[in-house]
Asker: 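For reference, the structure I am asking about is given below.
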Amino acid sequence: MPSKKKTKPDLSVDFAGIRLKNPVLTASGTFGYGEEFADIIDLNRLGGVIVKGISLKPITGNPPPRIWETPSGMLNAIGLENPGVDVFLRDKLPFLRNYDIAVLVNIFGYCLEDYVGVAERLDGVPGVSGLEVNISCPNVKAGGIVFGTDLKAAFELLSAVRKATRLPVIAKLSPNVTDITAFARTARDAGCDGLSLINTLLGMAIDIRSRRPRLANCTGGLSGPAIRPVAVRMVWQAAKAVDLPLIGMGGIMTHEDALEFILAGASAVAVGTANFVNPRATLDIIGGMEAFLVQEGIGSVRELVGKVCVA
Amino acid sequence: MPSKKKTKPDLSVDFAGIRLKNPVLTASGTFGYGEEFADIIDLNRLGGVIVKGISLKPITGNPPPRIWETPSGMLNAIGLENPGVDVFLRDKLPFLRNYDIAVLVNIFGYCLEDYVGVAERLDGVPGVSGLEVNISCPNVKAGGIVFGTDLKAAFELLSAVRKATRLPVIAKLSPNVTDITAFARTARDAGCDGLSLINTLLGMAIDIRSRRPRLANCTGGLSGPAIRPVAVRMVWQAAKAVDLPLIGMGGIMTHEDALEFILAGASAVAVGTANFVNPRATLDIIGGMEAFLVQEGIGSVRELVGKVCVA
Amino acid sequence: MPSNKLHRAKVLLHRPAGRGYYRLVLLAPGLAAAAAPGHFVMLRVSANLDPLLARPFGISSVIAKRSIELYYRVAGRGTTLLTAVEPGRTLDLLGPLGNGFPVPDRAATPLLVAGGSGFPPLLYFSSRYGKQARLFVGSRDKECLPPAAVMKDLRSRTKAVHYATEDGSRGACGFVTDTLAAYLARPAAGESPVIYACGPNAMLASVSRLAAEHSIPCYVSLEERMACGLGVCMGCSVSMKSGGYKRVCKEGPVFDSREIDWGGKTILQVGR
Amino acid sequence: MPSNKLHRAKVLLHRPAGRGYYRLVLLAPGLAAAAAPGHFVMLRVSANLDPLLARPFGISSVIAKRSIELYYRVAGRGTTLLTAVEPGRTLDLLGPLGNGFPVPDRAATPLLVAGGSGFPPLLYFSSRYGKQARLFVGSRDKECLPPAAVMKDLRSRTKAVHYATEDGSRGACGFVTDTLAAYLARPAAGESPVIYACGPNAMLASVSRLAAEHSIPCYVSLEERMACGLGVCMGCSVSMKSGGYKRVCKEGPVFDSREIDWGGKTILQVGR
Ligand SMILES: Cc1cc2nc3c(=O)[nH]c(=O)nc-3n(C[C@H](O)[C@H](O)[C@H](O)COP(=O)(O)OP(=O)(O)OC[C@H]3O[C@@H](n4cnc5c(N)ncnc54)[C@H](O)[C@@H]3O)c2cc1C
Ligand SMILES: Cc1cc2nc3c(=O)[nH]c(=O)nc-3n(C[C@H](O)[C@H](O)[C@H](O)COP(=O)(O)OP(=O)(O)OC[C@H]3O[C@@H](n4cnc5c(N)ncnc54)[C@H](O)[C@@H]3O)c2cc1C
Ligand SMILES: Cc1cc2nc3c(=O)[nH]c(=O)nc-3n(C[C@H](O)[C@H](O)[C@H](O)COP(=O)(O)O)c2cc1C
Ligand SMILES: Cc1cc2nc3c(=O)[nH]c(=O)nc-3n(C[C@H](O)[C@H](O)[C@H](O)COP(=O)(O)O)c2cc1C
Ligand code: FES
Ligand code: FES
């Protein structure tokens with residue numbers, strides 16, 4: 001006899017072989033390595049954490065000012081400050097291993113060899129669930145070519161990373177391109193297991209009195225709810241173009257925003273700038289998503305992936 | 001003996017041979033053909049009006065819903081509804097000729113011949129100061145190629161329009177490209193006299209309950225303050241790349257926003273979505289700009305064009 | 001100088017009106033002087049950039065020729081923000097906008113059909129032409145009817161009120177269109193009915209069908225999302241039977257129901 | 001469960017405090033219990049998405065162990081919005097944040113140097129360690145000094161107050177660093193001074209130079225734009241003499257002045 005009791009909806013997701021208890025991750029660079037948030041929320045309730053970008057060697061980052069608030073968004077030009085992969089493995093990863101959550105390590109470098117180096121160091125390390133390969137930071141250049149905006153460079157880089165690790169490889173795409181689907185296909189062809197999108201839009205703001213850019217770096221990456229419509233559109237386009245699972249992000253503040261991305265075709269979502277505005281945002285989103293599924297009588301969040309009706 | 005009296009600062013600008021009494025224009029599609037605003041503001045105080053996009057034949061536009069509000073912005077998919085060039089010349093232009101302001105006519109078509117046709121019809125028409133050629137509407141396609149995102153198609157189109165008219169030709173660029181400077185150079189090479197940027201960013205929003213896109217057209221153009229940092233960055237990049245005068249736009253709400261674009265390299269600005277939020281926005285911006293110049297002791301707004309310091 | 005539609009209006013009164021509505025009275029003499037039944041205003045609900053756009057509201061009354069009254073239901077972010085506005089503050093306001101209802105013929109009996117939160121323009125209409133009119137009002141249950149004070153005014157101004165609730169908690173059990181159909185089947189002697197309707201689109205479509213069946217004139221006040229309210233953005237267009245679109249803010253919000261292409265998609269997917 | 005830093009705090013008191021400042025008292029027992037002088041909070045000023053980010057404010061006092069007091073100057077959009085918040089409302093609040101001032105040695109004489117709107121953390125400091133301390137306060141003119149009530153508290157809590165105004169309208173004519181320099185040139189007998197400074201960066205740089213010249217310890221509380229206040233965004237970094245950066249919100253806001261690379265660019269281009 002079928003039970004009439006409302007059963008708890010299933011939020012779990014299998015993402016490129018990584019089991020997530022729910023589809024809500026934290027976006028790279030907006031959650032540190034988890035430590036600071038452990039004071040505020042129960043990390044065990046997250047689907048997973050995508051850590052701040054890690055490079056082979058430590059990077060000190062850009063001079064200040066590094067951030068500027070914009071309408072419903074913010075610009076940042078942190079310059080990928082990070083302690084390097086060795087310190088990450090020694091000091092940061094052990095903390096995250098105390099929790100039963102997926103840990104995706106965001107990696108980047110200044111040249112192909114850097115990327116491969118970090119990927120190799122992380123291969124087989126217990127506690128690392130997968131790699132998110134940042135080919136989309138506006139500040140990472142290779143001989144004048146930005147990996148994330150050149151199809152050939154992206155293909156070579158992602159193929160090389162693919163060979164360097166047995167971990168699931170997720171390519172993080174840049175939105176600053178004419179055709180996101182071309183990059184999605186390139187990442188697939190290079191053997192990636194999934195895609196993350198979007199990274200920040202390249203932006204700029206100027207102080208009209210001093211006539212200087214608001215950021216010492218001149219330009220920076222625009223994030224936050226301002227960019228959400230662009231992000232949803234790109235996730236939708238990429239989902240139609242390739243058969244890979246997607247992590248959708250860009251301006252997610254509420255569970256409704258997160259579900260927009262899932263309907264557009266994302267299997268999981270990442271919450272970025274919202275963590276600054278409301279440090280409980282991830283948990284509020286998980287709770288809201290669960291309530292929504294109950295309310296709509298949907299058994300599993302997986303039933304919603306890509307289910308936007310564009311008749 | 002130099003006078004100590006504060007003289008009124010000079011707001012006038014020569015834009016590609018078009019004299020503007022001040023650098024503040026209205027962005028195409030956000031001010032109709034001026035009539036509706038004549039009830040609310042004194043049109044004679046504007047630098048000029050860029051009219052709603054005009055095509056060779058009337059266009060009925062997209063089915064509703066056509067707009068959706070987003071964080072600090074809006075999506076629209078109007079579908080370029082317009083009465084066609086003949087009705088424009090008969091019913092709309094005469095009204096604008098009552099005012100002593102520049103009138104830029106925004107034109108577009110579904111194929112090269114359409115564009116050329118409108119350009120020819122407008123050539124030599126008294127009261128038309130110049131053409132703004134919209135090669136950037138996400139809905140205008142030519143055999144699968146969007147003029148605004150394909151360099152070769154853009155070059156051919158703009159060259160053809162250039163030949164079809166003696167009026168100043170201003171190319172309106174799409175922000176949905178990897179490299180805005182390549183399009184700026186292409187427009188210059190095709191003989192354009194100036195550039196307008198940016199048009200809207202392609203975006204999408206989904207109603208999570210009905211699972212349908214918020215717009216009947218599925219995707220739409222994102223405008224408003226949300227996109228301003230992207231617009232300022234593109235104006236700055238384009239200004240460095242070519243020696244043409246630029247009309248900067250994208251999210252301008254206040255005189256401070258307008259001056260950001262001017263410092264980034266725009267000789268004039270256009271106010272779009274702000275007209276909906278505050279129908280006096282253009283006049284407030286002109287007033288604020290004048291007050292700013294007085295306050296900072298700057299004699300002419302022209303002294304500020306491109307003067308951002310990126311030491 | 002141009003006849004100005006842009007006003008900075010002082011909030012004179014602002015309080016919950018019951019049944020989920022707020023009543024807002026704004027001092028705006030120029031606007032009040034020009035406002036006719038069926039007109040609406042665009043009201044900015046935030047001084048910041050989110051929410052960005054102004055919200056449309058129908059004028060429910062003009063008070064002492066200097067103020068206008070609005071009734072609004074808390075529907076989303078904008079109206080929630082609005083509830084916090086204290087009397088004494090000023091709000092940016094654009095209006096009067098739209099075409100308004102056509103003035104009824106002296107001999108006609110206007111049938112005012114109000115569904116959901118569609119009563120405000122009909123309330124204003126009733127203050128001018130109520131004596132000749134019958135009101136048909138409907139909602140899910142009696143708690144969803146217009147606020148008690150509004151109903152009192154409507155009752156005292158019109159010759160009859162026909163209630164319908166879907167749960168039968170007030171008046172006939174069923175839709176407002178059922179009571180309207182019943183009336184139209186046997187109109188009171190000597191009455192020549194003309195319909196003025198405002199409410200959800202599904203209701204307006206049914207009302208329109210009824211009017212066509214009985215060959216009586218029918219005016220509907222439509223809702224569509226708006227950005228400018230001025231006729232410049234082309235965002236609020238609705239499909240016309242004759243092909244093409246008309247703007248709710250400019251050629252509307254009131255249309256002859258025969259013009260509308262009701263067969264098209266839902267005209268407005270409401271809210272979030 | 002984690003020790004929570006996130007609070008929904010009720011506004012107990014909120015009013016203009018004079019000289020362009022507002023005083024805001026928030027009920028937040030957990031925060032109040034943990035707050036030490038030099039700590040700050042991140043306060044959300046809008047429930048909507050613009051302005052988006054929370055604003056940092058120093059804690060100026062803990063009241064009855066359950067509430068915290070803030071003093072803020074209206075500096076831009078966020079603080080303007082904040083002024084409209086009525087007592088009784090709740091605000092989202094994160095804190096206490098930052099490292100706080102080091103506790104002064106019993107034998108030391110803290111020299112509190114306050115410039116501009118830098119007094120709040122020093123006011124809190126004075127309530128704990130004021131008896132041993134001297135206050136150096138400076139501003140453009142006497143109208144730009146901290147609010148009268150604040151000055152009264154500071155006077156009653158410290159052993160001496162040294163005023164400086166650029167126009168000489170109160171105390172010595174000149175910069176606060178001039179009066180500080182004068183004192184350091186001839187410190188009172190038996191005093192072993194330690195500087196605690198908060199104010200504009202130019203002032204802090206001068207104070208830091210003076211401290212170095214006299215070889216006395218100096219702690220400065222810095223300001224930088226912040227997004228998270230938690231140490232995760234790396235947005236608030238300042239240059240260190242040793243190379244690299246430290247986060248104002250995490251390793252700061254209080255730094256040993258010798259650590260800071262004052263020679264770098266202006267650390268903060270304030271406001272709009
Ligand atoms: C001509 C006209 C007259 C109206 N008169 C009244 C009235 O007198 N009283 C009343 O309570 N409501 C009236 N409405 C509906 C009212 O405008 C919406 O309820 C309101 O805009 C919702 O705003 P929100 O921010 O609270 O909701 P949100 O859902 O947060 O709004 C999101 C967006 O959708 C738009 N939107 C949402 N619902 C509607 C709607 N029904 N019609 C048009 N746009 C909508 C909003 O303007 C906004 O752009 C009228 C609408 C129109 C078009
Ligand atoms: C640790 C710390 C403690 C502070 N304590 C106090 C205090 O007790 N009282 C007080 O009046 N002010 C204090 N400030 C400054 C206060 O944070 C700013 O005045 C406030 O953020 C301005 O916000 P706004 O929206 O009104 O200005 P806007 O100019 O609109 O702000 C725009 C952006 O710049 C940032 N910003 C502007 N000025 C500053 C600034 N001086 N420091 C950091 N970010 C800034 C804002 O946070 C925002 O992101 C403190 C700053 C810091 C970093
Ligand atoms: C302060 C900050 C730092 C970031 N650092 C990184 C990073 O190290 N690596 C990366 O791939 N993305 C980084 N991002 C981009 C985010 O992960 C995310 O893609 C983007 O911010 C869009 O999501 P949001 O709008 O929810 O913030 C950073 C974003 C911000 C705001
Ligand atoms: C409702 C609407 C209609 C528009 N129609 C046109 C158009 O017909 N032709 C065109 O070139 N741009 C059109 N645009 C783009 C604007 O001219 C402008 O480039 C863009 O909105 C960015 O400026 P804003 O953020 O100030 O609105 C339209 C924009 C909006 C919001
Ligand atoms: S709302 Fe802009 S045309 Fe109607
Ligand atoms: S404000 Fe985010 S690290 Fe300091």
Side-chain angles (χ1 to χ4, degrees), chain A residues 26 29-43 52 58-82 205 207-210 212-216 220 223-226 228 251 253-254 272-280, chain D residues 1-8 34 42 44-55 76-78 92-97 201 222-240 242-250 261 264-272:
Chain A
T26 59
T30 66
F31 206 76
Y33 306 100
E35 292 153 318
E36 289 84 359
F37 274 88
D39 256 13
I40 299 173
I41 61 172
D42 181 359
L43 299 186
K52 172 82 189 147
I59 291 181
T60 49
N62 289 329
R66 291 177 169 187
I67 55 172
W68 178 249
E69 193 186 47
T70 68
S72 296
M74 63 178 280
L75 287 168
N76 89 76
I78 307 302
L80 296 166
E81 176 170 347
N82 84 91
D207 179 340
I208 62 166
R209 288 185 181 78
S210 72
R212 293 185 170 282
R214 294 287 190 179
L215 302 175
S223 67
R228 192 169 64 235
M253 303 297 288
T254 67
T273 303
N275 291 307
F276 308 156
V277 179
N278 168 17
R280 275 186 55 88
Chain D
M1 260 307 295
S3 83
N4 214 315
K5 280 191 177 154
L6 192 58
H7 314 271
R8 289 196 57 86
M42 294 291 286
R44 269 190 84 178
V45 291
S46 164
N48 293 293
L49 300 175
D50 176 71
L52 184 66
L53 302 172
R55 276 24 182 175
R77 284 183 337 130
D92 285 325
L93 194 63
L94 198 60
L97 302 171
N201 281 307
L222 294 185
E223 291 189 6
E224 186 45 85
R225 289 184 212 138
M226 293 185 175
C228 70
L230 288 169
V232 299
C233 76
M234 315 304 255
C236 63
S237 298
V238 287
S239 301
M240 294 290 128
S242 58
Y245 300 99
K246 282 192 176 170
R247 297 165 294 185
V248 171
C249 73
K250 197 79 186 175
D261 172 20
K265 296 204 201 164
T266 318
I267 293 177
L268 177 69
Q269 276 170 262
V270 173
R272 350 198 311 130

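To find a chain, count down the sequence lines: A is the first, B the second, and so on, and within it residues start at 1.
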Asker: Which atom names give the shortest non-hydrogen contact between D/V238 and A/P64, and what distance separates them?
Answerer: CA-CG, 4.2 Å
Asker: Over all heavy atoms of both residues, which pair between D/A227 and A/F276 is shortest? Give the atoms and the distance, please.
Answerer: O-CB, 3.6 Å
Asker: Heavy atoms only: give me the nearest A/V277-D/R44 pair and the separation to one decimal.
Answerer: O-CD, 3.3 Å
Asker: Is there side-chain contact between A/N76 and D/C233, with at least one heavy-atom pair below 4.5 Å?
Answerer: no
Asker: Enter the distance from D/M234:CE to A/T60:OG1 here, rounded to the nearest 0.5 Å.
Answerer: 10.5 Å
Asker: Between atom OG of A/S72 and atom CG of D/D50, what is the distance when rounded to the nearest 0.5 Å?
Answerer: 5.0 Å
Asker: Out of curiosity, D/N4 CG to A/I40 CD1, how far, rounded to the nearest 0.5 Å?
Answerer: 7.0 Å
Asker: Enumerate, atom names and distances included, each donor-acceptor pair closer than 3.5 Å involving a side-chain atom of residues 30-37 of chain A, sequence neighbours excluded.
Answerer:
residue : atom : partner : partner atom : Å
A/T30   : OG1  : A/A27   : O            : 2.7
A/T30   : OG1  : A/N275  : ND2          : 3.3
A/E35   : OE1  : A/K92   : NZ           : 3.4

Asker: Nearest heavy-atom pair of D/R225 and A/I67: which atoms, and what distance?
Answerer: NH1-O, 2.7 Å
Asker: I'd like to know if the side chain of A/E69 reaches the main chain of D/P51, judged simply by a donor and an acceptor atom lying under 3.5 Å from each other, with no hydrogens or angles considered.
Answerer: no
Asker: If you take all heavy atoms of D/L6 and A/N278, which pair is closest and at what distance?
Answerer: CD2-OD1, 4.4 Å
Asker: Got a second to check how far A/R66's CZ is from D/R247's CZ, nearest 0.5 Å?
Answerer: 10.5 Å
Asker: So how far is it from A/M74 CE to D/L52 CG, rounded to the nearest 0.5 Å?
Answerer: 8.5 Å
Asker: If you round to the nearest 0.5 Å, how far is CG of A/N62 from OG of D/S237?
Answerer: 10.0 Å
Asker: Checking heavy atoms, do the side chain of D/M42, its backbone, both or neither come under 4.5 Å from chain A?
Answerer: neither
